[in-house]
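Please read the structure below before turning to the comments.
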Amino acid sequence: MKKLPKFFYQQNTRKVAQALLGHFLCRKINGQIYRGIITETEAYCGPQDRASHASRGITKRTEVMFGPAGRVYVYLIYGMYYCFNIVTEREGYPSAVLIRSCQPIKTYKKIIPVGPGKLCQAFRIDKKLSGVSLASNKIWVAKSRLKIKPKDISKAKRVGVDYAGVYRNKEWRYFYNESNLVSRSK
DNA sequence: CAAATGATAGGC
DNA sequence: CCTATCATTTGT
């Protein structure tokens, strides 16, 4: 299975967030490859987006968001869960896609990685992975032949960003209609 | 609805 | 240094 190329991630963040639906999140742990079909994403778009960590400028934590596209941004949230993001667009323009849910295949018969925190547990994603390239052999996204049409994608407000001023109402959360595996229905 | 739980960012 | 906050999840 072929990795998505770097230029895929250099596109507009909301476009990437939608285009990622249906592709395979792949993670290699101890020689074993784990996969899930991406079913739910959120876009965090540029320095103006007050919902984004990058809106308060570059810090040690968020510097990877300011870097080149196709790298991993992981952070600890609420002291107990990690969130997994993919950096998008051009260097210097901080933006990323949060991967919220996956549809389990093969290895994940029991673990249902719904919700960003659970997904990171299932894929053993932690802060050590932040900054790693998706061109690496640790974690990547592989192209699926599944064709998802615009009508198959639902849009909704992002979760947990009520503090974000006018940006809290942006419908920059996307999920695949045919999957029941999303963290919230609406 | 509230608790769990700790890094982070911003204030002093 | 100090502490309010947080792109979550689970249980009451």
Handout entry: Counterpart base for C:dA7, defined by Watson-Crick or G-U wobble contacts under 3.5 Å
Key = none
Fill in the blank from the handout: Out of C:dT9, B:dG6, C:dA7, minimum distance to the side chain of A:Cys83 belongs to C:dA7
Practice task
Would you indicate which nucleotide in C:dA7, B:dG6, C:dT9 comes nearest to any side-chain atom of A:Val161?
Solution key: C:dA7
Practice task
Find the distance A:Arg168:CZ to C:dA7:C1' and express it as a whole number of Å.
Solution key: 15 Å
Problem - Check: C:dA7 base within 3.5 Å donor-acceptor of A:Tyr75 side chain - result: yes
Exercise for the section: Find out whether A:Phe175 and A:Leu21 are in side-chain contact, i.e. whether some heavy atom of one side chain is under 4.5 Å from a heavy atom of the other. Expected result: no
Problem - Side chain proximity check, A:His53 to A:Tyr73, heavy atoms < 4.5 angstrom - result: yes
Practice task
Select base, sugar-phosphate, or nothing to describe what A:Gly117 touches, counting heavy atoms under 4.0 Å on all strands.
Solution key: sugar-phosphate
Practice task
May I ask you to verify if any side-chain N or O of A:Arg173 is less than 4.0 angstrom from the OP1 or OP2 atom of C:dA7?
Solution key: no
Handout entry: Separation between the P atoms of C:dC2 and B:dT5, rounded to whole Å
Key = 23 Å
Practice task
Tell me what A:Leu98 touches on the nucleic acid: a base, only sugar-phosphate, or nothing, going by heavy atoms under 4.0 Å.
Solution key: base
Problem - Any strand: nucleotide that pairs with B:dT5 via Watson-Crick or wobble, under 3.5 Å - result: none
Practice task
Rounded off to whole Å, could you give me the CG-to-P distance for the A:Asn85 and C:dT8 pair?
Solution key: 11 Å
Practice task
Give a yes/no on whether any side-chain N or O of A:Lys127 is located under 4.0 angstrom from OP1 or OP2 of B:dT8.
Solution key: yes
Exercise for the section: Examine B:dG10: is either OP1 or OP2 under 4.0 Å from a nitrogen or oxygen in the side chain of A:Arg56? Give yes or no. Expected result: yes
Practice task
To the nearest Å, give me how far apart CZ (A:Arg158) and C1' (C:dC6) are.
Solution key: 15 Å
Problem - A:Lys118 side-chain N/O to C:dT10 phosphate OP1/OP2 under 4.0 Å - result: yes
Handout entry: Beyond-backbone contact of A:Gln18 with A:Thr41, side-chain heavy atoms, under 4.5 angstrom
Key = no
Practice task
Please check the phosphate of B:dA7 (OP1 and OP2 only) for any side-chain N or O of A:Arg61 closer than 4.0 Å.
Solution key: no
Handout entry: Centroid-centroid distance, A:Tyr82 to A:Phe84, less than 6.0 Å
Key = no
Problem - Separation of atom OH in A:Tyr78 from atom P in C:dT8, rounded to whole Å - result: 5 Å
Practice task
Starting from C1' on C:dA7, measure out to CD1 on A:Ile77 and report it in whole angstrom.
Solution key: 6 Å
Exercise for the section: May I have the distance from A:Lys60 (atom NZ) to B:dG6 (atom P), rounded to whole angstrom? Expected result: 22 Å
Practice task
Count the heavy atoms belonging to other residues, nucleotides or ligands that lie under 6.0 Å from NZ of A:Lys3, then report whether that count exceeds 12.
Solution key: yes
Handout entry: Residue-phosphate contact under 4.0 Å: A:Tyr82 side-chain N/O, C:dA7 OP1/OP2
Key = no
Exercise for the section: Among the candidates B:dA7, B:dA9, B:dT5, find the nucleotide nearest to the side-chain atoms of A:Leu76. Expected result: B:dA7
Practice task
Measure the distance from CD1 on A:Ile125 to P on C:dT8 and round it to the nearest whole Å.
Solution key: 15 Å
Completion exercise
Between A:Glu42 and the options A:Arg14, A:Arg100, A:Arg158, the salt bridge (Lys or Arg N to Asp or Glu O under 4.0 Å) test singles out A:Arg100
Practice task
Round to the nearest Å and state the distance from A:Asp126 atom CG to B:dG6 atom P.
Solution key: 15 Å
